[in-house]
Structures are given as structure tokens and as C-alpha cells.
Amino acid sequence: MSLEELWERLPETEIVYAYGYPIVGNDESGHEAALAAIAEADLCILTLGGKYGSCSVASMGEGVDGANINLPECQETFIRKTVKLGKPLVGVHFNGRPISSDAADECLNAILEAWNPSEAGAQAIVDVLTGVYNPSGKMPLSVAYHTGQVPIYYNHPNGSAWHQGGKHWFCELRGFAAYTAVLFRTARPGSRRTA
């Protein structure tokens, strides 16, 4: 998500950026500074997921496979820490594949699936976040609840799969409806801050 796009569209809003976690791994060194910034905010937008590319500089792309379909541990942990602050949490998920996340499902108030948004992605994401565009909330695919469900096929006959758990989270679309509430606290015009 482009901070520049948010700053341009919301000039009378204070928007604070804080680095909280990397795209992969267990590094939690940025958590405390980001949590301190969130504690002062009215709303938190978390960018989740990964980065497209190849080899070790990416979490998705050509030749980048994973045995785990969850968000990286550093992101899952950060979500659980952030929800304790009692702020509205919006997750913007960037990735080239569906990701399962118990923390995101349980803790976030809304999730925007951005996939790999390319050149006009910043404008499209900010359109949704500010209510200029209201997506339908329907995904054209199923997202696995756990790695054990993979592969999931769209054309399985009804009743051809067995579900062990008590809930089918991919059928629950809570949080995908319009999220057009006031997103940021108002401040002096052009206020920009990095935590």
C-alpha cells in the first residue's frame, strides 16, 4: 500500500507509519515501536502477507514454495499483540496465493485481499479503504483453513470432503462488507509522521 496515496487523498489526516515486521521469519524487533504508534492511533491498517519475487528475497513467486499456508509467525504474533490495544484493525493482505491465518480471522475487524495489485494497486486499495469503491466481498476461490485441507478443488461433488473442525471459516465472510467508517483521526493539514 502506498503511503503517498493515502497522504495525497487524505491531506487533513495524520497518518503515521511504523515498521512492525518483515515479510518472512520470526523477527519481532519492530513490534514494540509499532505497538507504541498504534496505541496513539484511532485505527490501524496492517499490511500482511508477502512479496513477489524469486529465491530468498520473496515469499511468493517462481520457485518459491511453502509447506505452511499461514502468515509468517512474526505477523501472526503481531496481530495477537495488536488486538490487545483495543483499536479497530484492518488487514490488507498482499500475496499471490490464499493464506490461512487464525490470528487474522479472530482479531481483525476487516480484511482486504489485495493479491498482487501492480501499478494501480495503491489507488485501488485506497479507494476501498476510504469507501470510494465497495467490493462485493465474494472471492472466486476457496481458502483452506489449514494445510491439511490442501488441495481444495472448486468442483468436488457435494459431500466428497470430510471436515473435522467445528467451523468452516472460508464460508464466513465477516469483515468483507463495506468498511467506510472514519479511518483516521483528523490533524493539522499535511501532517506526516514516521514512528
Side-chain angles (χ1 to χ4, degrees), residues 1-10 15-28 30-31 34 37-38 41 43-83 88-145 147 150 169-170 173 175-176 179 183-184 194:
M1 180 170 49
S2 171
L3 284 172
E4 290 79 18
E5 185 69 23
L6 283 169
W7 284 328
E8 182 180 314
R9 298 262 202 103
L10 304 167
I15 299 170
V16 178
Y17 166 80
Y19 175 84
Y21 41 79
I23 59 167
V24 294
N26 296 319
D27 181 9
E28 296 182 14
H31 284 196
I38 294 167
L43 171 90
C44 174
I45 299 174
L46 300 168
T47 54
L48 304 168
K51 177 183 175 196
Y52 184 80
S54 60
C55 303
S56 63
V57 297
S59 61
M60 62 179 161
E62 191 69 34
V64 181
D65 296 321
N68 186 342
I69 63 170
N70 293 325
L71 287 172
E73 188 62 34
C74 58
Q75 294 181 28
E76 291 271 329
T77 303
F78 189 78
I79 292 170
R80 297 223 182 261
K81 289 179 181 179
T82 304
V83 76
L89 302 175
V90 177
V92 179
H93 179 242
F94 296 91
N95 224 323
R97 58 184 174 212
I99 294 290
S100 177
S101 170
D102 289 340
D105 182 43
E106 295 166 12
C107 302
L108 299 181
N109 300 100
I111 300 171
L112 174 60
E113 181 60 60
W115 299 104
N116 288 317
S118 83
E119 292 85 13
Q123 294 89 347
I125 290 166
V126 173
D127 279 351
V128 173
L129 291 176
T130 58
V132 171
Y133 178 74
N134 184 11
S136 67
K138 298 176 189 90
M139 290 179 56
L141 55 99
S142 295
V143 178
Y145 181 68
T147 307
V150 175
W169 83 272
F170 52 87
L173 293 176
F176 281 91
Y179 195 86
L183 295 175
F184 308 95
T194 303

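Computed from a predicted structure; not experimentally measured. Sequence positions, counted from 1, serve as the residue numbers for this chain.
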Visitor: According to side chain to side chain donor-acceptor pair (under 3.5 Å), who are the partners of N70, at least two apart in sequence or on a separate chain?
Guide: N68

Visitor: Give me the one residue out of L108, L112, I111, V92 that meets side chain to side chain contact (heavy atoms under 4.5 Å, CB included) with L48.
Guide: L108

Visitor: Can you name the nearest heavy-atom pair linking A18 to A34, along with the distance?
Guide: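 Closest approach of A18 to A34, heavy atoms only: CB-CA, 3.7 Å.
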
Visitor: Mind checking side-chain contact (heavy atoms from CB on, under 4.5 Å) for A103 and listing every partner two or more places apart, or none if nothing turns up?
Guide: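 With sequence neighbours excluded, A103 shows a side-chain contact (heavy atoms from CB on, under 4.5 Å) to E76, I79, R80, S101, given in chain and number order.
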
Visitor: Mind checking the CD1-CD1 spacing from I45 to I15? Nearest 0.5 Å is all I need.
Guide: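 Atom-to-atom, I45:CD1 and I15:CD1 are 8.0 Å apart.
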
Visitor: Using every non-hydrogen atom in the two residues, find where L89 and C107 come nearest and quote the distance to one decimal.
Guide: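 Closest approach of L89 to C107: CD1-O, 3.9 Å.
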
Visitor: Can you name the salt bridge (Lys or Arg N to Asp or Glu O under 4.0 Å) partners of D27, sequence neighbours left out?
Guide: none

Visitor: For Y21, check ring-ring contact (aromatic ring centres under 6.0 Å, His included) against everything at least two apart and list the hits.
Guide: F78

Visitor: Please report, to 0.1 Å, the donor-acceptor pairs under 3.5 Å made by any side chain of residues 116-128, with sequence neighbours excluded.
Guide:
{"unit_1": "D127", "atom_1": "OD1", "unit_2": "R9", "atom_2": "NH1", "d": "2.8"}
{"unit_1": "D127", "atom_1": "OD1", "unit_2": "R9", "atom_2": "NH2", "d": "2.8"}

Visitor: Excluding sequence neighbours, so at least two apart, what forms salt bridge (Lys or Arg N to Asp or Glu O under 4.0 Å) with E28?
Guide: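 For E28, the residues satisfying salt bridge (Lys or Arg N to Asp or Glu O under 4.0 Å) (neighbours in sequence not counted) are K81.
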
Visitor: Determine the minimum heavy-atom distance between L71 and H93, stating which atoms define it.
Guide: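 Residues L71 and H93, closest heavy atoms: CD2-CD2, 4.2 Å.
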
Visitor: Just verifying a value: how many Å separate N95 CG and E113 CD, rounded to the nearest 0.5 Å?
Guide: 7.5 Å

Visitor: Please confirm whether the backbone N or O of V90 pairs with a side-chain atom of N109, one donor and one acceptor, at under 3.5 Å?
Guide: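 Side chain of N109 to backbone of V90, a donor-acceptor pair under 3.5 Å: no, none is there.
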
